[in-house]
Amino acid sequence: MVIFNKINPVSEWVANQKKEGKSIGFVPTMGALHQGHLALVEQAGRENDLVVCSIFVNPIQFNNKEDLKKYPRTIESDLQKLDGAGCDVVFNPGTEEMYPAGHQSKTYDFGRLDKVMEGRFRPGHFNGVATVVKKLFDIVQPHRAYFGQKDFQQLQIVRSLVRKEKLDIQVIGCPTIREAGGLALSSRNTRLTESQRREASRIYQALEKAREMYPEFPVDQIKQQIIEVIDASTELELEYAEIVHPDTLLPVTRAGRNTSAVACVAAHAGKVRLIDNMYLNS
Ligand code: PAF
């Protein structure tokens with residue numbers, strides 16, 4: 001596995017491989033890797049000749065300074081895990097390399113996509129994500145890029161970015177990987193106490209129940225069920241529960257067998273913010 005810290009060498013390496021006809025799969029990450037990330041790397045490995053993974057904790061997508069400060073940084077074990085998962089190249093730049101002129105987000109117009117759910121509670125977050133993802137795409141120029149469905153709204157924003165910028169990159173959403181109790185894997189889970197971790201699996205239980213209820217029950221009732229299951233926990237504080245169309249992220253008002261819907265939830269367990277989602281009619 002080759003490790004690059006600078007932009008030009010990694011770009012050149014990829015360009016040379018592409019000249020030789022090799023397909024490139026790309027997995028952008030912020031490190032603190034878990035099985036969810038490794039599943040993306042493994043899928044990229046099955047579908048491409050070579051896999052590039054980036055590790056960069058992007059300061060401009062954190063709207064909360066403490067979250068940025070506490071974000072786990074585990075580069076040595078990340079590199080070991082990537083090597084084991086079959087990654088060929090790691091791009092691990094410093095902040096100076098990515099933002100030589102200082103941290104500045106571009107402002108994108110994603111219409112409604114970045115205004116709802118996460119957008120309401122994390123102002124500027126998606127502009128920060130889109131800015132770094134565009135930079136990384138320009139550097140790596142992959143054929144395919146892999147993102148977890150756990151960050152469902154991010155996935156739709158990245159798809160919109162690729163359409164807007166007319167990039168020749170296939171964006172692939174990969175299934176959420178869960179702990180035995182159902183809690184979606186996240187780098188932030190390492191900051192949960194044992195009791196918070198146990199209680200956090202209620203988010204999954206609420207989503208599963210929502211899936212069972214859809215489309216037989218009215219959307220409001222399904223949403224209410226999610227709220228009640230999460231509110232019943234003393235460890236969790238619900239931020240939002242929405243049932244939306246997967247492409248537009250507009251609220252689904254009427255459940256229907258032919259109406260696609262995704263239930264999305266954000267909740268706090270102490271100072272740790274957790275998000276999760278589930279397709280309701282699949
Ligand atoms: O999902 C993440 O880890 C980050 O938002 C991403 C896509 C690597 C951009 O910093």
Side-chain angles (χ1 to χ4, degrees), residues 4 7 10 25-41 43-44 51-64 67-75 78-79 81-82 85 87 89-95 97-99 103-106 108 110 113-114 117-119 121-142 144-162 165 167 169-177 184-191 264 266 272-277:
F4 294 103
I7 293 173
V10 73
F26 177 46
V27 182
T29 79
M30 297 204 298
L33 303 181
H34 49 66
Q35 195 47 47
H37 298 107
L38 302 182
L40 303 182
V41 172
Q43 184 168 341
V51 182
V52 179
C53 178
S54 63
I55 300 178
F56 177 63
V57 182
N58 176 33
I60 63 169
Q61 72 184 73
F62 286 81
N63 52 316
N64 176 332
D67 195 25
L68 172 61
K69 210 166 99 198
K70 294 219 168 124
Y71 201 84
R73 285 150 173 96
T74 56
I75 187 70
D78 289 349
L79 294 176
K81 288 176 186 171
L82 287 175
C87 179
V89 170
V90 178
F91 177 49
N92 176 216
T95 311
E97 183 69 3
M98 290 298 281
Y99 300 115
H103 310 171
Q104 196 89 69
S105 269
K106 278 185 136 193
Y108 288 92
F110 291 113
L113 285 186
D114 66 340
M117 301 194 291
E118 292 299 284
F121 293 94
R122 304 185 69 189
H125 168 67
F126 286 121
N127 275 319
V129 170
T131 302
V132 80
V133 168
K134 172 69 169 58
K135 268 179 194 278
L136 290 166
F137 281 175
D138 289 345
I139 294 164
V140 177
Q141 306 223 357
R144 299 182 189 85
Y146 296 79
F147 293 83
Q149 272 169 16
K150 192 195 100 127
D151 295 299
F152 187 75
Q153 194 170 0
Q154 167 172 283
L155 175 61
Q156 302 306 52
I157 295 275
V158 171
R159 289 198 160 119
S160 168
L161 174 75
V162 163
E165 301 281 337
L167 305 178
I169 298 173
Q170 198 184 340
V171 175
I172 297 170
C174 306
T176 302
I177 308 291
L185 294 193
S186 161
S187 305
R188 291 181 175 88
N189 291 357
T190 53
R191 290 169 50 206
C264 301
V272 184
R273 189 169 182 278
L274 301 166
I275 59 171
D276 201 352
N277 63 81

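Whatever order the structure lists them in is the order used to number ligands and atoms, beginning at 1.
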Hey, are the side chains of F126 and L113 touching, using non-hydrogen atoms and a 4.5 Å cut-off? no
Could you check atom 5 (O) of ligand 1 against the protein and tell me its nearest heavy-atom contact, residue, atom and distance included? Q154 OE1, 2.7 Å
Filtering K135, H37, M30 for the heavy atom nearest atom 3 (O) of ligand 1 leaves M30
Honestly, for V158 the part within reach of ligand 1 (heavy atoms, under 4.0 Å) is neither
Who's the nearest protein heavy-atom neighbour of atom 10 (O) of ligand 1, and how far? Q61 OE1, 2.6 Å
Please report the shortest heavy-atom distance between I275 and A266, naming the atom on each side. CG2-CB, 3.8 Å
Under 6.0 Å from the CD atom of Q35, do we count more than 12 heavy atoms belonging to anything else shown? yes
Parallel, tilted or perpendicular for Y99 and F56, by the 30°/60° rule? tilted
Below 4.0 angstrom from a heavy atom of V132, which ligand 1 atoms are there? Numbered from 1 as shown, please. 9 (C), 10 (O)
Is H37 close to V27 at the side-chain level, that is, under 4.5 Å between some pair of heavy atoms? no
